[in-house]
Amino acid sequence: MNLDQAIDLVRNAVKYTGTIDQKHIDLTLVPADKRTTYEKAMAVCQISIKDGKISRDEFLRRVHLEG
(Lines give C-alpha, C1' and ligand atoms only; values in the text may rest on other atoms or scores of the structure.)
Protein backbone atom coordinates (compact mmCIF):
# COMPACT_ATOMS: atom_id res chain seq x y z
CA MET A 1 0.00 0.00 0.00
CA ASN A 2 1.39 3.40 -0.93
CA LEU A 3 0.92 6.65 0.96
CA ASP A 4 -1.85 8.00 -1.27
CA GLN A 5 -3.89 4.81 -0.89
CA ALA A 6 -3.36 4.90 2.87
CA ILE A 7 -4.51 8.51 3.12
CA ASP A 8 -7.63 7.73 1.10
CA LEU A 9 -8.51 4.93 3.52
CA VAL A 10 -7.79 6.92 6.68
CA ARG A 11 -9.93 9.78 5.37
CA ASN A 12 -12.94 7.42 5.55
CA ALA A 13 -12.47 7.05 9.31
CA VAL A 14 -12.54 10.77 10.17
CA LYS A 15 -15.52 12.07 12.13
CA TYR A 16 -16.52 15.00 14.30
CA THR A 17 -15.98 14.57 18.03
CA GLY A 18 -19.47 15.57 18.98
CA THR A 19 -20.40 18.73 20.81
CA ILE A 20 -17.10 20.49 20.11
CA ASP A 21 -16.24 21.32 16.52
CA GLN A 22 -13.22 19.02 16.25
CA LYS A 23 -12.46 15.95 14.12
CA HIS A 24 -10.58 12.74 14.91
CA ILE A 25 -9.85 9.32 13.43
CA ASP A 26 -12.30 6.70 14.68
CA LEU A 27 -11.77 3.10 13.55
CA THR A 28 -15.18 2.09 14.87
CA LEU A 29 -16.57 3.67 11.70
CA VAL A 30 -15.03 0.97 9.49
CA PRO A 31 -16.35 -2.57 9.08
CA ALA A 32 -14.71 -5.05 11.45
CA ASP A 33 -13.42 -7.21 8.61
CA LYS A 34 -11.53 -4.22 7.16
CA ARG A 35 -10.09 -2.90 10.41
CA THR A 36 -6.70 -4.54 9.87
CA THR A 37 -6.39 -2.82 6.50
CA TYR A 38 -7.13 0.55 8.10
CA GLU A 39 -4.59 -0.12 10.84
CA LYS A 40 -1.97 -0.87 8.17
CA ALA A 41 -2.94 2.34 6.37
CA MET A 42 -2.43 4.32 9.55
CA ALA A 43 0.97 2.64 10.02
CA VAL A 44 1.98 3.58 6.46
CA CYS A 45 1.02 7.19 7.18
CA GLN A 46 2.91 7.26 10.49
CA ILE A 47 6.06 5.77 8.94
CA SER A 48 5.86 8.24 6.05
CA ILE A 49 5.66 11.14 8.50
CA LYS A 50 8.57 9.73 10.53
CA ASP A 51 10.69 9.22 7.40
CA GLY A 52 9.98 12.75 6.19
CA LYS A 53 8.05 11.73 3.06
CA ILE A 54 5.15 13.94 4.18
CA SER A 55 4.88 16.51 6.93
CA ARG A 56 2.44 16.05 9.79
CA ASP A 57 0.61 19.22 8.76
CA GLU A 58 0.26 17.98 5.17
CA PHE A 59 -1.06 14.63 6.42
CA LEU A 60 -3.65 16.35 8.63
CA ARG A 61 -4.72 18.54 5.72
CA ARG A 62 -5.09 15.60 3.33
CA VAL A 63 -7.21 13.54 5.71
CA HIS A 64 -9.29 16.63 6.56
CA LEU A 65 -8.21 16.86 10.20
CA GLU A 66 -6.68 20.33 10.05
CA GLY A 67 -8.03 22.92 12.41
Side-chain angles (χ1 to χ4, degrees):
M1 175 182 314
N2 67 34
L3 178 59
D4 290 327
Q5 293 169 326
I7 287 174
D8 287 341
L9 278 177
V10 172
R11 190 179 301 137
N12 294 327
V14 172
K15 76 170 199 172
Y16 277 98
T17 302
T19 56
I20 58 175
D21 192 26
Q22 191 175 30
K23 296 179 185 176
H24 69 280
I25 297 170
D26 185 354
L27 291 182
T28 63
L29 297 175
V30 300
D33 61 329
K34 295 184 180 185
R35 186 176 178 123
T36 304
T37 304
Y38 279 80
E39 289 172 347
K40 288 178 184 176
M42 290 178 62
V44 167
C45 293
Q46 183 64 31
I47 290 168
S48 296
I49 292 169
K50 181 182 168 218
D51 291 346
K53 294 178 183 174
I54 187 173
S55 70
R56 183 176 185 276
D57 289 337
E58 176 68 9
F59 167 75
L60 294 176
R61 185 187 66 74
R62 290 183 61 188
V63 295
H64 306 291
L65 283 174
E66 75 280 352

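Applying the salt bridge (charged side-chain N to carboxylate O under 4.0 Å, His left out) rule to pairs touching residues 43-60 yields E58-R61, sequence neighbours excluded.
Hydrophobic clustering (ILVMFWY, side-chain heavy atoms < 4.5 Å, transitive): V14 and I54 are in one cluster. Each of V63 and Y16 belongs to its own hydrophobic cluster when Ile, Leu, Val, Met, Phe, Trp and Tyr are linked at side-chain heavy-atom distances under 4.5 angstrom.
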Let me check something: any side-chain donor-acceptor pairs from residues 1-11 under 3.5 Å, sequence neighbours excluded? List them with distances.
{"residue": "N2", "atom": "OD1", "partner": "D4", "partner atom": "N", "Å": "3.0"}
{"residue": "N2", "atom": "OD1", "partner": "Q5", "partner atom": "N", "Å": "2.8"}
{"residue": "D4", "atom": "OD1", "partner": "R62", "partner atom": "NH2", "Å": "2.5"}
{"residue": "Q5", "atom": "OE1", "partner": "N2", "partner atom": "N", "Å": "2.9"}
{"residue": "D8", "atom": "OD1", "partner": "R11", "partner atom": "NH1", "Å": "3.2"}
{"residue": "R11", "atom": "NE", "partner": "R62", "partner atom": "O", "Å": "2.9"}
{"residue": "R11", "atom": "NE", "partner": "H64", "partner atom": "NE2", "Å": "3.4"}
{"residue": "R11", "atom": "NH2", "partner": "R62", "partner atom": "O", "Å": "2.9"}

Name each donor-acceptor pair under 3.5 Å that joins a side chain in residues 28-41 to protein atoms two or more places apart or in another chain, with its distance.
{"residue": "T28", "atom": "OG1", "partner": "D26", "partner atom": "OD1", "Å": "2.6"}
{"residue": "T28", "atom": "OG1", "partner": "D26", "partner atom": "OD2", "Å": "3.1"}
{"residue": "R35", "atom": "NE", "partner": "E39", "partner atom": "OE2", "Å": "3.2"}

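Counting heavy atoms from C-beta outward, K15 and H24 have side chains that approach closer than 4.5 Å. Counting heavy atoms from C-beta on, the side chains of M42 and I25 come closer than 4.5 Å.
Among residues two or more places apart in sequence or in another chain, the side-chain hydrogen bond (donor to acceptor under 3.5 Å, both in side chains) test is passed with Q46 by none.
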